[in-house]
Amino acid sequence: MAQAELTAEQVLKRDIPWETYMMTKLISGTDLQLLRRYDNRSESYRAQLLDDDGPAYVRVFVSILRDIFKEETVEYVLALIDELLTANPKRARLFHDKSLANEDTYEPFLS
């Protein structure tokens, strides 16, 4: 039976088991702290976090897309990225930040 397409809003209501991912070493303790700070917050609060430390959040999102293959989690992180870019397209520059020079920030989107 085909599942109806979910809206980004529905996807973003999911409760993602970030602690489990940390315990299984798919994300670091630092990643978990960043995700807890960002997850389920208002758009204005998230905007402040992105203004303060955007490249760190981009690095976490990209590493999740690269290392975690659970469909619900991938959809969730893609919805977060879509939301942050839709709210402010200029945030695309966060993916080009010098601190991410050693990361292939596009690779997860191409596979």
Side-chain angles (χ1 to χ4, degrees):
M1 187 163 76
Q3 186 179 2
E5 271 193 46
L6 294 172
T7 65
E9 190 178 340
Q10 289 169 307
V11 168
L12 289 169
K13 286 186 177 150
R14 290 180 181 156
D15 193 20
I16 304 297
W18 301 123
E19 286 79 7
T20 303
Y21 288 137
M22 191 195 78
M23 287 189 291
T24 56
K25 306 218 181 321
L26 288 169
I27 63 172
S28 70
T30 304
D31 293 347
L32 179 63
Q33 288 178 334
L34 288 167
L35 289 162
R36 278 187 180 152
R37 214 174 288 153
Y38 193 88
D39 210 18
N40 299 312
R41 303 295 179 161
S42 70
E43 192 175 319
S44 60
Y45 187 81
R46 287 178 176 181
Q48 187 60 55
L49 293 174
L50 292 169
D51 288 345
D52 293 345
D53 205 7
Y57 289 95
V58 167
R59 187 193 53 74
V60 171
F61 297 155
V62 169
S63 71
I64 289 169
L65 293 178
R66 192 176 43 238
D67 300 335
I68 297 175
F69 301 101
K70 192 167 195 292
E71 188 176 342
E72 290 81 7
T73 304
V74 170
E75 288 174 350
Y76 185 86
V77 172
L78 288 172
L80 286 178
I81 292 170
D82 179 62
E83 184 181 70
L84 75 87
L85 292 173
T86 300
N88 183 350
K90 289 187 171 124
R91 289 186 184 138
R93 68 178 165 70
L94 296 173
F95 288 82
H96 300 280
D97 190 81
K98 287 191 300 274
S99 68
L100 299 170
N102 295 329
E103 305 253 351
D104 185 352
T105 53
Y106 295 107
E107 183 260 330
F109 299 99
L110 301 174
S111 37

Please report the shortest heavy-atom distance between V11 and A79, naming the atom on each side. CG1-CB, 4.0 Å
May I ask you to check whether over 12 heavy atoms, not counting those of D52, lie within 6.0 Å of atom CG? yes
Hydrophobic cluster membership, with links at side-chain heavy-atom distances under 4.5 Å among I/L/V/M/F/W/Y: are M23 and L34 in one? no
Please list, one pair per line, the donor and acceptor atoms closer than 3.5 Å that link side chains of residues 86-93 to other protein atoms, with sequence neighbours excluded.
unit_1: T86; atom_1: OG1; unit_2: D82; atom_2: O; d: 2.7
unit_1: N88; atom_1: OD1; unit_2: K90; atom_2: N; d: 3.0
unit_1: R91; atom_1: NH1; unit_2: L84; atom_2: O; d: 2.9

Which residues satisfy the side chain to side chain donor-acceptor pair (under 3.5 Å) test with D97, sequence neighbours excluded? S99
Hey, can you tell me if H96 and Y106 have their rings parallel, tilted or perpendicular (30° and 60° cut-offs)? tilted
Run the side chain to side chain donor-acceptor pair (under 3.5 Å) test against T105 and tell me which residues pass, sequence neighbours left out. none
Is D104 close to R66 at the side-chain level, that is, under 4.5 Å between some pair of heavy atoms? no
Of the non-hydrogen atoms in M22 and L32, which two are nearest, and what is the gap between them? SD-CD2, 3.4 Å
Are the side chains of Y21 and D67 in contact, using a 4.5 Å heavy-atom criterion? no
Which distance, rounded to the nearest 0.5 Å, do you find between the CD1 of I81 and the CZ of F95? 4.5 Å
Which heavy atom in V77 sits nearest to a heavy atom in W18, and how many Å separate them? CG2-CH2, 4.0 Å
Set of salt bridge (Lys or Arg N to Asp or Glu O under 4.0 Å) partners for R37, sequence neighbours left out: none
Side-chain heavy-atom pair L6, R14 within 4.5 angstrom cut-off: yes
Can I get a per-line list of side-chain donor-acceptor pairs under 3.5 Å for residues 55-65, giving both atom names and the distance, sequence neighbours left out?
unit_1: R59; atom_1: NH1; unit_2: D31; atom_2: OD1; d: 3.4
unit_1: R59; atom_1: NH2; unit_2: D31; atom_2: OD1; d: 3.1
unit_1: S63; atom_1: OG; unit_2: R59; atom_2: O; d: 3.3
unit_1: S63; atom_1: OG; unit_2: V60; atom_2: O; d: 3.0

Does E19, at its CD atom, have more than 12 non-hydrogen atoms belonging to other residues, nucleotides or ligands within less than 6.0 Å? yes
From L26 atom CG to T20 atom OG1, the distance as rounded to the nearest 0.5 Å: 10.0 Å
Between atom CG of N40 and atom CZ of R46, what is the distance when rounded to the nearest 0.5 Å? 6.5 Å
Examine L80 and L85 and state if one hydrophobic cluster contains both, with Ile, Leu, Val, Met, Phe, Trp and Tyr joined whenever side-chain heavy atoms are less than 4.5 Å apart. yes
Going by the rule side chain to side chain donor-acceptor pair (under 3.5 Å), which residues pair with Q10 if we only count those two or more places apart in sequence or in a different chain? T7
